Engineer: 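Let me give you the structure first, and then I'll get to my questions.
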There are 2 protein chains.
Amino acid sequence: MKFNIPLELFNKLQIPFAVFREGKVVHISQLIKNLLGISLSGEYAEVAEVFGDSAAAIEEHLQEVLKNSYAESVVVCSVHSEKIPVVFRTIAVEENGELYLLSFLEPLSNIKRKIKSFAFMGCSIPGIIHNVSNPMTVVLNKIQIMKMKGIEPDQMTSLITEIRKIQDIFDNVSLKSIKEMKNEEGAIDINIIIKVNMEFLNANSYVKHKIRKEVVLNNLPRMVRGRFLDLSQIFLAFFYIIFKSVEDKGDRFIRVETGYKDGKVHINFSSNGVSLEELVESAIEKVLLDSNTYTGCFVEKINLGWTFEGLKHLLDLYQVDLDYGTKPDGNYLSLGFIAEEMTL
Amino acid sequence: MKFNIPLELFNKLQIPFAVFREGKVVHISQLIKNLLGISLSGEYAEVAEVFGDSAAAIEEHLQEVLKNSYAESVVVCSVHSEKIPVVFRTIAVEENGELYLLSFLEPLSNIKRKIKSFAFMGCSIPGIIHNVSNPMTVVLNKIQIMKMKGIEPDQMTSLITEIRKIQDIFDNVSLKSIKEMKNEEGAIDINIIIKVNMEFLNANSYVKHKIRKEVVLNNLPRMVRGRFLDLSQIFLAFFYIIFKSVEDKGDRFIRVETGYKDGKVHINFSSNGVSLEELVESAIEKVLLDSNTYTGCFVEKINLGWTFEGLKHLLDLYQVDLDYGTKPDGNYLSLGFIAEEMTL
């Protein structure tokens, strides 16, 4: 098969893959054969020949790929008379004027185990930072004492500044884990939601280095009543929408600003990206489709651990005012949250 | 209702709860009424009166609690003609000679969103540590320069030691996230699996402070072929089993030692705890029951993000030799992994 996509790379990375063209199987890698117990050696076969009972589900999946150029589905495959759910992630690739569909396969149980392992890591963040804070405090104290003694006071001041930067990042990162562990509602400062989540967004090197970002957190006189997890996810979902709107730009610029007006706390996004209509609609319309939502963390250029399922529900629950449109130099999107009544 | 369990606390923590006694509903909190749209005001009601169509599933769940004193089930509840899956976690509590079953409820969608948010945090760990390493390097360099200049060399040496401790923790913590992101198999040093995962176990204050631990990582001449995620999960599952065996002791002691003998790489656990038979059997027998395995991260005293589903599959896949028994002063458990052939 003539094909410039480096299929050998997927073998090296041990990713099972299959290639389809015009509804037929053009290639299946050895790893798929192992995974699904397929002993077929021919190529250019019918889907049903290769995948048996699962053919109908796979054909439906391929239809979706043709429509949206990417799809992710769970297909239950028969492996030695056992039924195992396998996630198919397929992209459409054009190559010498021909349209190939390139599918990557992974058992669903594998993805679930991975998600849980990463969730375990996320839960452990406050404990790890706590364990690191002991030696950190020792370092800070010794430096402060030397500064007081007049030993290289300028150097010591600049060391203290650097250590404070590290501690700031730690505080933000811990806070998300601690707050989202709990279910209780409370009065939340939207600026904190943004500050904390930006720390995680900036952990992604694409977001950190490939996008110019301006974050302006104005003093907010009022709080928003809610759960930290919910407000984080609303913020991240819309950050993701804005991110998507600049993805294909050469120079990518995103601006986030908070504000308060007439009983509403606002998060105002803007960017030099494309029109938001389609992105917002498809995000809000996305329903909680269990089988389709496993891989959020692992496949996207930026991962948010959650992509949109239930966003509509959250927007309704918090009665969020949503407004968006285009500007001469890009787009804007504004979220308005009911500010908590002042109790004096 | 006379009841010494601080029910008010659950209300304060905004955890919906219900209390059952002798198969009847003794109390349902206002939050459950809100969650499930129940307007009933009476107490001491039949389960069917309160929970309608879901009564049979709830009664089955309560039977399981009576058998194992704890159960976790997903019950599909009807809320205003919508069906929502709700996780029931129920414990049996004796109070004045009466047996009460105390159920905590949480919508499954909530738990899933939380798990994904924590997985996102786990994925972000390497990026966060990367971002912190910049100011960290500045600090380290400045200190090394002052040391070379002869400024307070002893102080500087002790600062460098502390910073190295921090960097060690960071390296371990990053490594788990980076390695488990990938699916590829490779030759793995079992000592690294243990060192890295101990960092996460020690992030749990109970494991860190309430258990004496001795970890002896002997030099291993051979590696084990496999995936980091799989080997981590095997190690964590058996650490959990050993942990469970000492849970009720006054003085808790766990020992982990690695070794190599006759083509096998070993992890040898021992503790001053109870017999392991029941713990090991129930861990291995646990099948992948999708609905029962959502909360691993959030409910246990130590959380591993994964508890046992698929353990049998992993042990078979890696052809692990499993041996365990009792000793005069406690128990022992040994895992033997096939060592990779030496290629010279």
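Given the structure is predicted, the values throughout are model-derived calculations rather than measurements.
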Engineer: With only heavy atoms counted, which part of B:Ile128 is less than 4.5 Å from chain A, the side chain, the backbone, both or neither?
Structural biologist: both
Engineer: Is it the side chain or the backbone of B:Glu152 that comes within 4.5 Å of chain A heavy atoms, both, or neither?
Structural biologist: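 Contact with chain A is through the side chain of B:Glu152 alone.
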Engineer: Between A:Gln167 and A:Asp171, do the side chains contain a donor N or O and an acceptor N or O under 3.5 Å apart?
Structural biologist: no
Engineer: Considering only heavy atoms, which portion of B:Val173 lies under 4.5 Å from any heavy atom of chain A: side chain, backbone, both, or neither?
Structural biologist: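 The side chain, not the backbone.
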Engineer: Out of B:Val76, B:Leu108, B:Leu36, B:Val74, which residue meets the side-chain contact (heavy atoms from CB on, under 4.5 Å) rule with B:Val86?
Structural biologist: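 Going through B:Val76, B:Leu108, B:Leu36, B:Val74 one by one, the side-chain contact (heavy atoms from CB on, under 4.5 Å) with B:Val86 is satisfied by B:Leu36 alone.
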Engineer: Take a 6.0 Å sphere around NZ of A:Lys195 and say whether it holds more than 12 heavy atoms from other residues, nucleotides or ligands.
Structural biologist: no
Engineer: Out of B:Lys165, B:Gln155, B:His130, which one racks up the most heavy-atom pairs below 4.5 Å with chain A?
Structural biologist: B:Gln155
Engineer: Go through the atoms of B:Met136 and report whether side chain, backbone, both or neither lie under 4.5 Å from a heavy atom of chain A.
Structural biologist: both
Engineer: Is it the side chain or the backbone of B:Lys182 that comes within 4.5 Å of chain A heavy atoms, both, or neither?
Structural biologist: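 For B:Lys182, no heavy atom lies under 4.5 Å from chain A.
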Engineer: Most heavy-atom pairs under 4.5 angstrom with chain A, which of B:Asn202, B:Ile166, B:Asn134?
Structural biologist: B:Ile166
Engineer: Under 4.0 Å between a side-chain nitrogen and a carboxylate oxygen: does that hold for A:Lys114 and A:Glu106?
Structural biologist: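 Looking at A:Lys114 and A:Glu106, the cut-off is met.
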Engineer: How long is the gap from CZ on B:Phe239 to OG on B:Ser232, to the nearest 0.5 Å?
Structural biologist: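 Between atom CZ of B:Phe239 and atom OG of B:Ser232 there are 13.5 Å.
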Engineer: Which bit of B:Ser205 comes within less than 4.5 Å of chain A, counting heavy atoms only: side chain, backbone, both or neither?
Structural biologist: neither
Engineer: Sort out for me which of B:Glu199, B:His313, B:Met146 touches chain A most, counting heavy-atom pairs under 4.5 Å.
Structural biologist: B:Met146
Engineer: Inspect the surroundings of CD in B:Gln30 and state if more than 12 heavy atoms from other residues, nucleotides or ligands are less than 6.0 Å away.
Structural biologist: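 Yes - once you tally the heavy atoms of other residues, nucleotides and ligands closer than 6.0 Å, there are more than 12.
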Engineer: Give, as side chain, backbone, both or neither, the part of B:Leu159 having an atom under 4.5 angstrom from any heavy atom of chain A.
Structural biologist: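 Both backbone and side chain of B:Leu159 come within 4.5 Å of chain A.
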Engineer: Any chance you could measure B:Ile193, atom CD1, to B:Leu229, atom CG, to the nearest 0.5 Å?
Structural biologist: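 Here the interatomic distance stands at 9.0 Å.
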